[in-house]
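Model, not experiment: these values are computed from the prediction. Just so it is clear: chains get the letters A, B, ... in the order the sequence lines come, proteins before strands, and each one is counted from 1.
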There are 2 protein chains.
Amino acid sequence: MIKQKKFILQENELPTQWYNIQADMVNKPMPPLNPATRKPLKAEDMYPIFCEECCRQEMDQEHAWIDIPDEVQERYRYYRSTPLVRAYALEKALDTPAHIYFKNESATPLGSHKINSAIPQCYYCKREGVTNVTTETGAGQWGTALSYAAKTFGLEAAVYQVKITLNQKPYRSILMRTFGAQVTGSPSMSTRAGKDIITRDPSHQGSLGTAISEAIELATTTPNCKYTLGSVLNHVTLHQTVIGLEAEKQMEMAGEYPDIVIGCFGGGSNFGGIAFPFMRHNILEGKTTEFIAAEPESCPKLTRGVFKYDFGDEAGYTPLLPMFTLGHEFRPANIHAGGLRYHGAGVIVSQLLKDNMMHGVDIPQLESFDAGMIFARTEGIVPAPESCHAIAAAIREAEKCKESGEEKVILFNLSGHGLIDMPSYSQYLNGDLINFKVSDEDITRFTKDIPEV
Amino acid sequence: MIKQKKFILQENELPTQWYNIQADMVNKPMPPLNPATRKPLKAEDMYPIFCEECCRQEMDQEHAWIDIPDEVQERYRYYRSTPLVRAYALEKALDTPAHIYFKNESATPLGSHKINSAIPQCYYCKREGVTNVTTETGAGQWGTALSYAAKTFGLEAAVYQVKITLNQKPYRSILMRTFGAQVTGSPSMSTRAGKDIITRDPSHQGSLGTAISEAIELATTTPNCKYTLGSVLNHVTLHQTVIGLEAEKQMEMAGEYPDIVIGCFGGGSNFGGIAFPFMRHNILEGKTTEFIAAEPESCPKLTRGVFKYDFGDEAGYTPLLPMFTLGHEFRPANIHAGGLRYHGAGVIVSQLLKDNMMHGVDIPQLESFDAGMIFARTEGIVPAPESCHAIAAAIREAEKCKESGEEKVILFNLSGHGLIDMPSYSQYLNGDLINFKVSDEDITRFTKDIPEV
């Protein structure tokens, strides 16, 4: 008798609504503030930057369920459901009694979960008459997804890619160009924000915060152009809840329910995407599932950041957001997990962390790649450096189970594959990777001047 | 009402047997010959090179169905079934009445169909006490699959990769090393065959034929080491029939049956894999499905080669095989579809071509990438340069349908994705790609001295 390995939903079983955890949260997230007046923003205050529907979703604290438009459902069916997989081979290698499952978001045509939000964002833009979209990208996963989604709905896309990853991962920009997008390394000389940064520091290798500034500047100075974001914001995480909603049904098919749910953590969208649908049962039914966000040791906003109102970008173009942050001028080390090199956590996750509904763990770079190698050699999938953090956290929990003998059910999100990140693996195989631990002094330096909430 | 896009089998619906078309063929393939004596070979004559079970499968002209071992079925379940997809977006872009389906073999963790044969070959080696496997790889898809499968069954793997693709696709060798394999560029100085070739031509960029010679030499001079092959041979194509057997059930789910089945063509394993289970119904039930093998214009053995007994490798280490060939010393142009740069066609396909059960088309390199671009921008999957040839052939047929108004059902095999081939797309986007048409003189030069069958 061969045991079932994967659990896959038929197309007619796919979610038709996203889950908006804001509606169920006991303590609602605090509102974003206008930096000049420090007054709370309304949805319409953000219309100049984002498409209107995304702004409304961003601020919606009433509706727990939001309909997924038919056109978006149609495109989701190009690749969803992604499989829920029982990691038998990994369990065997770890010799753990834990049952390890992963939701395989790497099994999308572009290799990560990012497409789940790129499709609705481009769809809403198109519906509202927008012709151009712009964005930033770190590792390149979001930029790739946006480029494809834009092409799908007949929009032009301009992507600012963090310079360090543009160089580390040259295949990414070719991929975006294959989908017809224009790609610019950030910081660039094409925006005021970029010029300012290059003038201050000509060797600046870029960061998500900087690239966001450039993209927002382009959006607000170009007619009929909207900015889109791949993580951090509430509406992005909302779209990503398809991951957890599918996983919930698939865990049922497997006859289990997770004791622990894990996602890697950059801005929070893949973590929230898998976690929130399960967290709902903690909130509403008193379940006791543990939620772990795995961040890099070199960018530890959840484990060592401060909870303050801070900018979402380096130049200070965004509203002030109530979040766990390392300071918007914090410059993360050049780790390979480019998608996790962001100074702040989304506001929903920040509130949930404050309320002890979840917790963070920080993973050193070498431990993350050790975990990725074990995973690749057992399950056959080379994980993205970002996803390696989730795997490392899952392995830590599985090893605890080995010690205690507990048969816990662990579910993690495999947010993407690493086939375009092979240079990172080459460095690892050659023994050239190192860890980057942030000093207490650096954290204090970048956070001390942010006003208290 | 959203139309169903993908058809996916549950794990308990997967094939439990491979289909051996040799048993059903009206004219059986002629036997391989010992080059010295020109006497037919028996299975046991090949035991020094391949594992025994593969040799038996190679020569089996009796059993139409061969059981898939449980251990292989278990590993197949890590990623099978792959989806059968209706290419609605491609159809719309082409404005064709044709119904286009593709079998998405790119949706395997390593990105191509090659794993389907790597798993059973490594499994049989392990069962027979082999400790080391060796092979050649062109584009790197086969080498990657073998490296992973070897790791899975605890074997050591040594891969000779064609030098031109080692340089064109540097990520591939990192990927193989990630799975623990040793990778050597071919021609190398580590074998007599490699040394001879480098001595004759120091700038030799390698070919599959050369790399095969090197790998066979290593296998036959190393204790407990067997050679494995990723295409051409009958047992490899046998393993690949899981593709077509799944597709048959999935087409049934879609309520259609293909008028045309298309695969790209290097040695024949992905083509035979999708085609043979359907061709069975042509042979046994008089169905009239058309089978098209899409080869590169620069390596046109099916459309312009000769049917003769020729060596499978450049150095002449293999048995003589009855096949359509351009001559074993033919050196294909350095096209990006490295997996199609092989001088000969497998013996089963060669016999079927001779018997008019199928036909070949040759695709210029630029047309293949044009097709790949349309596919990427509509269906969201960047195809491997090899698979682009199948897409191009499918587009030709869909355009004929547009002219004639026929609503034909076209099925092609998407043998792999191109995420590791982005430098090829970069050259295409930059306008640097060219076509390579083989001259009649070259074909005559390399084929005239091969003795007639």
How long is the span from the [atom1] atom in [X] to the [atom2] atom in [Y], to the nearest 0.5 Å?
| X | Y | atom1 | atom2 | answer |
| --- | --- | --- | --- | --- |
| A/Ile381 | B/Leu110 | CD1 | CG | 9.0 Å |
| B/Tyr88 | A/Glu74 | OH | CD | 9.0 Å |
| B/Leu175 | A/Tyr425 | CG | OH | 10.0 Å |
| A/Leu419 | B/Leu419 | CG | CG | 6.5 Å |

Do you know the tightest heavy-atom contact between [X] and [Y]?
| X | Y | answer |
| --- | --- | --- |
| B/Arg377 | A/Arg177 | NH2-O, 3.4 Å |
| B/Tyr78 | A/Ala89 | OH-CB, 3.2 Å |
| A/Met422 | B/Ile174 | O-CG2, 3.4 Å |
| A/Thr378 | B/Arg75 | O-NH1, 3.3 Å |
| B/Thr178 | A/Val382 | CG2-CG2, 4.5 Å |
| A/Ala376 | B/Phe179 | O-CE2, 3.2 Å |

key: Residue, of B/Arg172, B/Arg80, B/Lys3, B/His417, that accumulates the most heavy atom pairs under 4.5 Å with chain A   =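 Among the listed options, the one with the most contacts to chain A is B/Arg80.
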ask   = Picking from B/Ser426, B/Pro109, B/Gly380, which has the most non-hydrogen pairs under 4.5 angstrom with chain A?
value = B/Gly380
key: From CA spacing to verdict: salt bridge (Lys or Arg N to Asp or Glu O under 4.0 Å), A/Glu11, B/Lys6   = CA-CA 8 Å; A/Glu11 289 182 13; B/Lys6 304 182 306 302; 3.2 Å; yes
Segment of A/Pro423 engaging chain B (4.5 angstrom heavy-atom cut-off) = both
ask   = At a heavy-atom separation under 4.5 Å, does A/Phe7 approach chain B through its side chain, its backbone, both, or neither?
value =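 For A/Phe7, neither part sits under 4.5 Å from chain B.
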request  = Please assess B/Gln10 against A/Gln10 for the test side-chain contact (heavy atoms from CB on, under 4.5 Å), listing each intermediate value before the final yes or no.
outcome  = CA-CA 10 Å; B/Gln10 296 295 330; A/Gln10 297 295 332; 3.2 Å; yes
task = Determine whether more than 12 heavy atoms belonging to other residues, nucleotides or ligands lie under 6.0 Å from atom CD of A/Gln17.
result = yes
message = Within a 6.0 Å radius of atom CD on A/Glu156, are there more than 12 heavy atoms belonging to other residues, nucleotides or ligands?
response = no
